[in-house]
Amino acid sequence: MDPDAEIAFDFPPYLCQYKSGRVHRPGGDAFAPAGTDPLTGVVSKDIHAGPARARVYLPPDAAAAPGKLPVVVYFHGGGFVVGSPARPSTHAYLNDLVARSAAVGVSVYYRLAPEHPLPAAYDDGWAAVRWVLTGADPWLLDHADLSRVFLSGCSAGANIAHNMAVRAAAPGAVPEGAAVRGLMAVHPYFTGKEPVGAEAAFGPDVRDFMDRTWRFVFPGSLGLDDPNVNPFVTDEARAAVAGIPCERVLVCVAEDDVLLKERGLWYARELRASGYAGEIEMFESKGVGHAFQFDQLGSGEGVRLQERLVEFIKK
């Protein structure tokens, strides 16, 4: 059989990898350019963030704001294998969030697996976070309050945001005068060898799928009990999470997110039990599924989710 047609790994709905090494992403590479958004008035530009890249967003009338603005560093989802800040739905989401929150947005371009397996996305994410925390751009210097930096993401992006918070706890990781104030984990992607909550009803094929896909994006990992994806698996990992510098954490789940809702609830419970000293807040979107907000941004639940994030940023 032709190795360029025979599937080596199928990761629906994101991609197929063929035995020749060719990778096919059915969703394609739709691209929304940076610039001025006609709906919100938000202005964006693509820049180099140290060794990484990012799309930076300014809310309307940023120059007229009475003080400097909080910063939201955002990581897109897509199973670590698809997506970018320039994906139209992601770009529209950031325009909306930045306009509602009057925050500076930084949406990170990170390298994707399998061409660039983990920890490449984590390393790119951390390079971008460090770039933000040093204010290394005129928009940040002029408009950003680096003592109010928030990390956020959806699904795999929430996993990255969490791991960036863990890295930010290292001595000297955050420059003097800067602060990672909060973490917003929306429909976060976590897992583990042992089921939690309603996961007990899953068949063994689900756990096998989670194991195979995690090893696909991170071939050098420890599997489902890797602390990057199971952050409370050991006492050492639990202590690392308990030490994150964020004052507050918001965990958002979706009622009909069959695969990942339980892990979001579990993350909040375990974070509370870890000894983490900050505030933990929960928010559940009703009657919707995983990452619904990108297709239903203007819906009642989409607006309620955005308003909850804005409330967290402005608190």
Side-chain angles (χ1 to χ4, degrees), residues 29-49 52-78 83-110 128-129 131-154 157-158 161 178 181-182 184 186 250 252 283 285 288 291-315:
D29 296 313
F31 181 89
T36 301
D37 178 52
L39 293 178
T40 63
V42 171
V43 181
S44 58
K45 65 177 181 178
D46 287 328
I47 52 85
H48 284 280
R53 294 173 57 234
R55 180 166 289 192
V56 185
Y57 296 78
L58 276 185
D61 302 321
K68 291 199 171 183
L69 308 174
V71 184
V72 177
V73 184
Y74 184 80
F75 302 93
H76 66 81
S84 87
R87 174 168 280 190
S89 59
T90 302
H91 182 58
Y93 177 82
L94 263 294
N95 280 320
D96 185 79
L97 181 63
V98 166
R100 290 178 183 274
S101 64
V104 178
V106 180
S107 185
V108 180
Y109 288 91
Y110 56 84
V129 171
W131 176 86
V132 168
L133 293 172
T134 56
D137 182 82
W139 283 11
L140 295 176
L141 287 171
D142 291 343
H143 303 291
D145 180 352
L146 299 182
S147 71
R148 291 190 291 159
V149 174
F150 295 83
L151 305 176
S152 184
C154 180
R181 186 71 63 85
M184 301 180 291
V186 180
L250 172 63
C252 300
F283 180 79
S285 299
V288 291
F292 78 95
Q293 66 271 28
F294 299 100
D295 293 329
Q296 303 177 47
L297 187 57
S299 68
E301 286 302 309
V303 171
R304 278 188 281 274
L305 175 57
Q306 291 290 69
E307 289 178 342
R308 186 65 185 84
L309 297 172
V310 169
E311 178 188 346
F312 185 83
I313 294 166
K314 291 187 172 182
K315 185 174 179 180

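None of these values were measured; they are calculated from a predicted model.
Arg181 pairs by the side-chain hydrogen bond (donor to acceptor under 3.5 Å, both in side chains) definition with nothing, not counting sequence neighbours. Here Ser147 pairs with Asp145 under the side-chain hydrogen bond (donor to acceptor under 3.5 Å, both in side chains) rule; sequence neighbours left out. Looking at residues two or more places apart in sequence or on another chain, you find a side-chain contact (heavy atoms from CB on, under 4.5 Å) between Arg53 and His48, Tyr109. Listed by chain and residue number, Arg308 satisfy the salt bridge (charged side-chain N to carboxylate O under 4.0 Å, His left out) test with Glu311 (two or more places apart in sequence, or in another chain). With sequence neighbours excluded, the residues satisfying side-chain hydrogen bond (donor to acceptor under 3.5 Å, both in side chains) with Arg100 are Asp96. Not counting sequence neighbours, the partners of Ala30 by the side-chain contact (heavy atoms from CB on, under 4.5 Å) test are Pro88. Qualifying side-chain contact (heavy atoms from CB on, under 4.5 Å) partners for Pro70, counting only residues two or more places apart in sequence or in other chains: Ala103, Arg148, Phe150, Ile313. Residues passing the side-chain hydrogen bond (donor to acceptor under 3.5 Å, both in side chains) test with His76, sequence neighbours excluded: Tyr110. When the ring-ring contact (aromatic ring centres under 6.0 Å, His included) test is applied to Tyr93, the partners found at least two apart in sequence or on another chain are Tyr74, Phe294. Contacts of Ala161 classified as side-chain contact (heavy atoms from CB on, under 4.5 Å), with partners at least two apart in sequence or in another chain: Phe75, Leu151, Leu183.
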Can you list, pair by pair, the side-chain donor-acceptor contacts under 3.5 Å of residues 31-39, counting residues two or more places apart and other chains?
| from | atom 1 | to | atom 2 | distance (Å) |
| --- | --- | --- | --- | --- |
| Asp37 | OD2 | Thr40 | N | 3.0 |
| Asp37 | OD2 | Thr40 | OG1 | 2.6 |

Solution key, residues 137-144 side-chain donor-acceptor pairs under 3.5 Å, sequence neighbours excluded:
| from | atom 1 | to | atom 2 | distance (Å) |
| --- | --- | --- | --- | --- |
| Asp137 | OD1 | Lys45 | NZ | 3.4 |
| Asp137 | OD2 | Lys45 | NZ | 3.3 |
| Asp137 | OD2 | Trp139 | N | 2.9 |

